[in-house]
Amino acid sequence: MRSRVNHPLTIIAIFIWVGAVFAISFLEAWLKFQAPGVTIAIGLGIGKLVFAALNNFQWILAIVVVASFSFGKSKFSEIENLLVYFVIGLLLLQTFWLLPSLDQRASLVIAGKNLGASNLHIYFIVVEILKVLALMTAGILNFKRER
């Protein structure tokens with residue numbers, strides 16, 4: 001038996017997507033606050049810019065993956081389709097609720113407001129973890145076994 005990739009563009013886009021989320025959400029997001037001289041306001045300002053760029057990049061990758069799913073030579077399994085559309089749903093949740101809410105809070109903190117605790121960051125982290133797990137599973141399932 002040997003492995004074969006039916007949709008190489010899909011695999012490339014999925015694993016670039018996973019890498020981008022790992023690099024930004026799981027590394028850059030908290031590391032920037034460890035740098036000398038980076039205040040909360042500066043870190044939040046950088047975070048707003050970086051997460052907006054990551055969100056746009058994720059939409060480009062989502063379009064590539066969905067186009068590959070839609071126009072590829074062979075069909076994807078139901079689970080692969082479900083995983084990809086689950087990820088798209090999570091991305092919609094981030095784009096239209098979580099990121100705008102986090103941006104608004106960041107802007108208030110940057111302006112000097114003292115805000116109480118919020119679960120928004122926890123929700124965002126949970127969504128990122130679910131997104132990465134679903135993408136990795138979809139990417140791995142895309143490797144087919146050949147007899």
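Sequence positions, counted from 1, serve as the residue numbers for this chain.
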Engineer: What is the distance from atom CG of L99 to atom CG of L120, rounded to the nearest 0.5 Å?
Structural biologist: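 With rounding to 0.5 Å, CG (L99) is 10.5 Å from CG (L120).
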Engineer: Is there a chain of hydrophobic side chains (I, L, V, M, F, W, Y, each step under 4.5 Å between heavy atoms) that links L91 to F96?
Structural biologist: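 L91 clusters together with F96.
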Engineer: What's the verdict on side chain to side chain contact (heavy atoms under 4.5 Å, CB included) for V127 and L93, showing C-alpha distance, side-chain angles and the deciding distance?
Structural biologist: CA-CA 9 Å; V127 168; L93 182 72; 3.9 Å; yes
Engineer: Just checking, is any N or O donor in the side chain of K131 or S25 under 3.5 Å from an acceptor N or O on the other one?
Structural biologist: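 No - no donor-acceptor pair under 3.5 Å links their side chains.
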Engineer: Does a donor on one side chain sit under 3.5 Å from an acceptor on the other, for S77 and E80?
Structural biologist: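 There is such a pair between these side chains.
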Engineer: Kindly compute the distance separating CG (L54) from CD (E28), expressed to the nearest 0.5 Å.
Structural biologist: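 So the CG of L54 and the CD of E28 are separated by 9.5 Å.
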Engineer: Shortest non-hydrogen contact from L98 to Y123?
Structural biologist: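 Nearest pair, atom of L98 first, then Y123: CD2-CB, 3.9 Å.
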Engineer: Report yes or no: does K32 contribute a side-chain atom to a donor-acceptor pair with the main-chain N or O of A29 at less than 3.5 Å?
Structural biologist: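 Checking the backbone N and O of A29 against the side chain of K32, a donor-acceptor pair under 3.5 Å is found.
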Engineer: Between T10 and N142, is a side chain to side chain donor-acceptor pair (under 3.5 Å) present by the stated rule, with each step listed?
Structural biologist: CA-CA 8 Å; T10 301; N142 206 261; 5.2 Å; no
Engineer: How long is the straight-line distance from CD1 of I24 back to CG of L31, given to the nearest 0.5 Å?
Structural biologist: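 Going from CG on L31 over to CD1 on I24, the span is 10.5 Å.
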Engineer: Run S107 and K113 through side chain to side chain donor-acceptor pair (under 3.5 Å) and show every step you take.
Structural biologist: CA-CA 9 Å; S107 293; K113 303 284 186 214; over 6 Å; no
Engineer: Could you measure the distance from the CG atom of L102 to the CD atom of Q94? Nearest 0.5 Å is fine.
Structural biologist: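 If I round to the nearest 0.5 Å, the distance is 9.5 Å.
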Engineer: Can you find a pair of side-chain heavy atoms, one from L141 and one from F76, that are under 4.5 Å apart?
Structural biologist: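 Sidechains of F76 and L141: no contact.
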Engineer: Got a second to check how far S68's OG is from I63's CD1, nearest 0.5 Å?
Structural biologist: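 Going from OG on S68 over to CD1 on I63, the span is 13.5 Å.
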Engineer: Say you draw a straight line from CD1 of I88 to CG of L83; how long is it, rounded to the nearest 0.5 Å?
Structural biologist: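 Here the rounded value is 11.5 Å.
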Engineer: Would W97 end up clustered with L108 when hydrophobic side chains under 4.5 Å apart are linked, directly or stepwise?
Structural biologist: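 Shared cluster, no.
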Engineer: Indicate, with yes or no, if V65 and F86 share a hydrophobic cluster defined by side-chain heavy-atom contacts under 4.5 Å among Ile, Leu, Val, Met, Phe, Trp and Tyr.
Structural biologist: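 They do not share one cluster, since no chain of ILVMFWY contacts under 4.5 Å joins F86 to V65.
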Engineer: Could you tell me whether the side chain of V87 reaches within less than 4.5 Å of the side chain of W17, counting heavy atoms only?
Structural biologist: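 The answer is yes; the side chains approach within 4.5 Å.
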Engineer: Is any side-chain heavy atom of D103 less than 4.5 Å from a side-chain heavy atom of F51?
Structural biologist: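 In short, these two side chains do not touch, never coming nearer than 4.5 Å.
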Engineer: Same cluster or not: V21 versus L92, using hydrophobic residues (I, L, V, M, F, W, Y) connected whenever any side-chain heavy atoms lie under 4.5 Å apart?
Structural biologist: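 Yes, because V21 and L92 connect within a single hydrophobic cluster, where side-chain heavy atoms sit under 4.5 Å apart.
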Engineer: Is Y85 reachable from V18 through a run of I, L, V, M, F, W or Y residues, each pair having side-chain heavy atoms under 4.5 Å apart?
Structural biologist: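 Hydrophobic grouping puts V18 with Y85.
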Engineer: Grab the two heavy atoms, one from I42 and one from T39, that are nearest each other, plus how far apart they are.
Structural biologist: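 Of all heavy-atom pairs spanning I42 and T39, the closest is N-OG1, 3.1 Å.
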Engineer: Is it the case that over 12 heavy atoms from other parts of the model lie below 6.0 angstrom from the CD atom of E78?
Structural biologist: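 Open: at most 12 neighbouring heavy atoms sit under 6.0 Å from CD of E78.
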